[in-house]
Amino acid sequence: MSAEYNFRAVEQKWRKFWDENQTYKTGIDTSKPKYYVLDMFPYPSGAGLHVGHPLGYIASDIVSRYRRLKGFNVLHPMGFDSFGLPAEQYAIQTGQHPAITTEENIATYIRQLKQLGFSYDWSREVRTSDASFYKWTQWIFMQLFNHYYDKTADKALPISQLTERFAQEGNALVKAACDEDTPIFSAEEWNAMSEEAQQTLLLKYRLTFPDESVVNWCPALGTVLANDEVKDGVSERGGYPVEQKKMKQWAMRITAYADRLIDGLNEVDWSEAIKEQQRNWIGRSQGASVRFKVERSTVSEQAPEYIEVFTTRVDTIYGVSFMVIAPEHDYVPYITTEAQKAEVEAYVNWAKSRSELDRVSEVKKVSGAFTGSYVINPFNDEKVPIFLADYVLAGYGTGAVMGVPSGDQRDWNFATHFNLPIIPVLDAQKDIEQQADNTKEGKYINSGIINGMTYKEATATLIAWLEEKGLGKGKTQFRMRNAVFSRQRYWGEPVPVYFKDGLPYLIQESELPLELPAIDKYLPTETGEPPLGRASNWKYQDQYEYELSTMPGWAGSSWYWYRYMDAHNNEAFASQEAINYWKAVDLYIGGSEHATGHLLYSRFWNKFLKDLGLVPEEEFAKKLINQGMIQGRSNFVYRVKSSVGEGKKPLFVSAGLKEQYEITPLHVDVNIVHNEVLDLEAFKAWRSDFAEAEFILEDGKYICGVEVEKMSKSKYNVVNPDVLVDRVGADTLRVYEMFLGPLEQAKPWNTNGMDGSFRFVKKIWRLFYDEQGRWKVTNDTPSKDEYKVLHAAIKKVEDDLERYSFNTVVSTLMICVNELSSLKCAKQAILEQLVVLLSPYTPHLAEELWALLGHEAGTVSQAQFPAFDASYLVEANFEYPISINGKVRTNIAFAVDAQPTTIQEGVLASEVVQKWLDGKQPKKVIVVPKRIVNIVI
RNA sequence: GCCCAGGUGGCGGAAUCGGUAGACGCGUUGGUCUCAAACACCAAUGAGGUUACACUCGUGCCGGUUCGACUCCGGCCCUGGGUACCA
């Protein structure tokens, strides 16, 4: 071996070994505790990995390797969420089947991932676009179709149980999640219904069902667009007009699980930020619905008898001085008086014209119109005027709100603008002439039956009163809607449904998978149907139309972690044996952008599968870490403006001197800049128009400017891990990415500090080989100091890994290697344990050294994590920092078991303290054993 | 506006329970080695101050609690992310 560590040869050797020997293949092993470490499913994009992607993968790999050393049987798989829009878009442009593009992209990903030395069990790799995988996505869809949510059992039950009940007692007593407009029927009525009528009714209960929903339809593209694909009313791509269109789409009744989705958040170890986002998204609010009688004298006959509102502060109902309904509310024409007609119509038209953006930017501006009509407050029989205002949304709750100016700022603004009374309802409310006070403190005033009560008593009293009179009830409202589960696209899972008489029916389970048919073009049909409409003879039993939309991107990723447990099973999505062994994900690592998408849908499907008794855990991911985004870090060169033009040689000025010239900043490829110094030759070669470039240097160097931006090709700031692996090796890259800072924190990518990690890796090698490349490890007995260095590291590496502090582990390992180098330690007993400590971070180097130390090749991952022995760290003395009035002035050593009085005497006698005391008596002396001494003067 | 993170040297960051602020690394400066360069090694490196010490200041800002605050409390400012009038 040579004196210098040859990382290229060593890394290549072990990657090949691991591959050929399937070193990381995992199976069920009941003799060990299990541990499941999962990375979020990547979509294999055509661009391959950039340095931001592996951050989470490196962390999860370190945990996997650490857990193995700690005696766990670790499941650590990788696979691909391979259905998706980019491949389809490419197919539309080139005519190439998306499966081919996807295959190529996956090959690139796998090559890049393997190159980083991850300990994945590749035999478990899955792809959502493989029929053997989506067979089970379709199967789960079928189970959802065949179940409803029973609120009494608080779980999903088979539809067959529902139909049995309907046949016996109708649906009046059935408490189940269903559409708002589900009619009440008796057993006789049900039994007399046609098959068609029964099926139509059942769709109102099924957990997945076709639903009319409003979508962004783009006729020019022939497709539906997501909100973020629409900019200023036109499609982001192409700028074609987009219209709101009602369309039949499959929906998932996720709202049935709203309560469990919120409550389950208390069980999981996820960041508060993510949990809070999910809670807000689900938006559970506890309150009451109250029916206000419409005062008939001014309204037309079609006007409803009551207007119902939902409120979270029913306790303030005696403070109501107006009611507001949404301008687009159906009731508007019936409750508008002749005198107010012109004003109301003008307001409704104006409200329609307002874009979302206008509404958002004018939060503080009050607008509205009086309808001329009134409702009656059920509690005090007061007449309350009805207004329209666009701050009320038709789609949320009942589209009507009661206005309580003293308790709600928005209502206060409205009341002030329209000169409506502001009635205090609590004696604790302050300054309500100036602004609303939403306190729940104090006792009620001006409040009829609740005068003198507290918040809790009042709410209960009012709800009881409402329920008794049939004028309202306590109610829980959710913000979350049911989830749309269709895409008018080709490259997704076919829905295993055919239509008979316009009603959806499932195909047989034995007919799964329903494979994606071949089509000639990846575009919608001429009649505007999804691409699957192009498939020839694609009919169920040659007669019934299949569903033509496909499943959305989140279908496969909502259950994939179970497939890894038993990736090749043809009988089930995974065997019960495997599921009951691996149970759930112990550590899940991925980006926070999936907070309300993937992570919510997955929890929903998991709860459903649990209701069916197919999986054991209510929550699929016990612990979640969101790695921070890696931002790009761009470099700039500054071209002198006078050098721009035909026939002129381009002239660039170094960043420190740029103020003296008229310049144009230009992005420069970060890969030809090292520590902000531009490689001039590489720069000339980079672009042909710069071949003749000249430079104004500072200190003989060209210094580039720096800015943090998004990582993107156009900014020339994308760093490809392949380049770095070639330059410094995968081990160094792993160490460096972890060393950048806490995993959760967003940070700009900066290659500048990487030299330090590279030096560290090379320094490890020099513990084993001398300058002449001679092996220097001996079997001598280690010294006390050597043991101390080792065990201090063991303790801190273990503690830090247990709290996922990956960056401080690197410093610890650096300190350990530095100190062993200073001690010139080359003892097998020490170095052997060091290699194990290092192996999660630098697996290639560790595997090589482990073999050189005489162990069987490829077994470092089966080693035991070194046992910490505290006795090596015991010190005879402790160096006490001595502070005076809280500022450290000196250090004095005392025996660790010295009594506080002894320490106090010693400290007070010391020269430095004497000087500070200046003959006076200290006011106070605090001695904290083995920590600090503080003297107050 | 609301919710969630965060703000510490020239830079990335450390300080885990309220107990020596700046570990570790980068960069910079000086030195050793070399014909030279690279590599490597040694030393210095928060600011002011000093030959050197001493000392003073210092964790976004203002205030508080404490023998002692980057850490706890109250108020404010700024940056990043999420969300959109949710009754």
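Throughout, a chain's letter reflects where its sequence line sits, starting with A, and its residues are numbered from 1. Only heavy atoms go into these numbers, but all of them, side chains included; no hydrogens, no water, no symmetry mates. All values reported here derive from a predicted model rather than from experimental measurement.
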Checklist entry - In dot-bracket form, how is RNA chain B paired, counting a Watson-Crick or G-U wobble pair only if both its distances are under 3.5 Å and using | for bases paired to another strand? => result (((((((..(((......[....)))((((((.......))))))(((......)))..(((((..]....))))))))))))....
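- Here, A40(B) and G48(B) have their P atoms 31 Å apart, quoted to the whole Å.
- Nucleotides C11(B) and G18(B) are separated by 28 Å at their P atoms, to the nearest Å.
- Shown here, G31(B) is classed anti by the O4'-C1'-N9-C4 or O4'-C1'-N1-C2 angle, which is more than 90° from 0.
- With respect to D799(A) and K795(A), a salt bridge is recorded, a charged nitrogen being found less than 4.0 Å from a carboxylate O.
- A donor atom on one side chain and an acceptor atom on the other are found under 3.5 Å apart for S805(A) and T808(A).
- Side-chain N/O atoms of R759(A) include none lying less than 4.0 angstrom from OP1 or OP2 on G25(B).
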Item to check | Test log, rule side chain to side chain donor-acceptor pair (under 3.5 Å), inputs N818(A) and K763(A) | outcome: CA-CA 8 Å; N818(A) 286 347; K763(A) 204 164 177 179; 2.8 Å; yes
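- When heavy atoms are screened at a 4.0 angstrom cut-off, W749(A) is found touching no nucleic acid atom at all.
- Inspection of the E4(A) and Y769(A) side chains reveals no N or O donor paired with an N or O acceptor under 3.5 Å.
- Residue contacts shown for Q745(A) are limited to sugar-phosphate atoms, with no base heavy atom under 4.0 Å away.
- Each of A54(B), G12(B), G27(B) was ranked by its minimum atom distance to the side chain of D755(A); first place goes to G27(B).
- Within 4.0 Å (heavy atoms only), K915(A) reaches sugar-phosphate atoms of the nucleic acid but no base atom.
- Taking 4.5 Å as the limit, some side-chain heavy atom of W281(A) sits within range of a side-chain heavy atom of L600(A).
- Both Y736(A) and D408(A) lie close to RNA chain B; mapped to their nearest nucleotides by heavy-atom distance, the more 5′-ward contact belongs to Y736(A).
- R284(A) has its CZ atom 19 Å from the P atom of C3(B), to the nearest Å.
- Remark: K762(A) is not positioned above the aromatic ring of F760(A), lacking an NZ or CZ atom under 6.0 angstrom from the ring centre and at most 45 degrees off the axis.
- For the pair W270(A) and C4(B), the criterion of a side-chain N or O lying under 4.0 Å from OP1 or OP2 is not met.
- Across all strands, R889(A) comes closer than 4.0 Å only to sugar-phosphate atoms, never to a base (heavy-atom distances).
- Residues I423(A) and Y318(A) have side chains not in contact (no heavy-atom distance under 4.5 Å, counting atoms from C-beta outward).
- The side chain of V392(A) lies closest to A87(B), out of A87(B), A40(B), C67(B).
- Considering only heavy atoms from C-beta on, V309(A) stays 4.5 Å or farther from R291(A) through its side chain.
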Kindly list each side-chain donor-acceptor pair under 3.5 angstrom involving residues 922-937 of chain A, sequence neighbours excluded, with atom names and distances?
residue	atom	partner	partner atom	Å
N934(A)	OD1	S883(A)	OG	3.0
N934(A)	OD1	G886(A)	N	3.0

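- For K776(A), the NZ atom sits in a packed shell: over 12 heavy atoms of surrounding residues, nucleotides or ligands are nearer than 6.0 Å.
- Comparing the P positions of G25(B) and C41(B) gives a spacing of 11 Å, expressed to the nearest Å.
- Side-chain contact check for D731(A) versus F7(A): every heavy-atom pair is 4.5 Å or farther apart.
- Whole-Å rounding puts the F758(A) CZ to A40(B) C1' distance at 13 Å.
- One C1' atom belongs to U29(B), the other to U66(B), and the distance between them is 42 Å to the nearest Å.
- Nucleotides A47(B) and G58(B) are separated by 16 Å at their P atoms, to the nearest Å.
- Rounding to whole angstrom units, CG of residue N752(A) and P of C26(B) are separated by 12 Å.
- Computed from coordinates, the E771(A) CD to U32(B) C1' distance equals 15 Å when rounded to whole Å.
- A salt bridge is defined here as a Lys NZ or Arg NE, NH1 or NH2 lying under 4.0 Å from an Asp or Glu carboxylate O, and E798(A) with R803(A) fails to meet this definition.
- Atom CG in L733(A) sits roughly 16 Å away from atom C1' in G25(B) (whole-Å rounding).
- Annotation: C39(B) and U32(B) have their C1' atoms spaced 14 Å apart (nearest Å).
- One can place NZ of K924(A) at 9 Å from P of G68(B), the figure rounded to the nearest angstrom.
- Between G49(B) and A14(B), the two C1' atoms lie 28 Å apart (nearest whole Å).
- Between the CZ atom of R479(A) and the C1' atom of C85(B) there is a distance of 12 Å, given to the nearest Å.
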Please write out each protein N/O paired with an N/O of nucleotides 16-24 of chain B under 3.5 Å, distance rounded to 0.1 Å.
residue	atom	partner	partner atom	Å
U16(B)	N3	R803(A)	NH2	3.4
U16(B)	O4	K796(A)	NZ	2.2
U16(B)	O4	D800(A)	OD1	3.4

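- Each of L740(A) and N885(A) lies near RNA chain B, and the nucleotide nearest L740(A) is the one positioned closer to the 5' end.
- C76(B) and A21(B) have their C1' atoms separated by 25 Å, given to the nearest Å.
- Counting to the nearest Å, the C1' atom of A40(B) and the CG atom of D770(A) are 14 Å from each other.
- Classification of C17(B) as syn follows from a glycosidic angle within 90° of 0.
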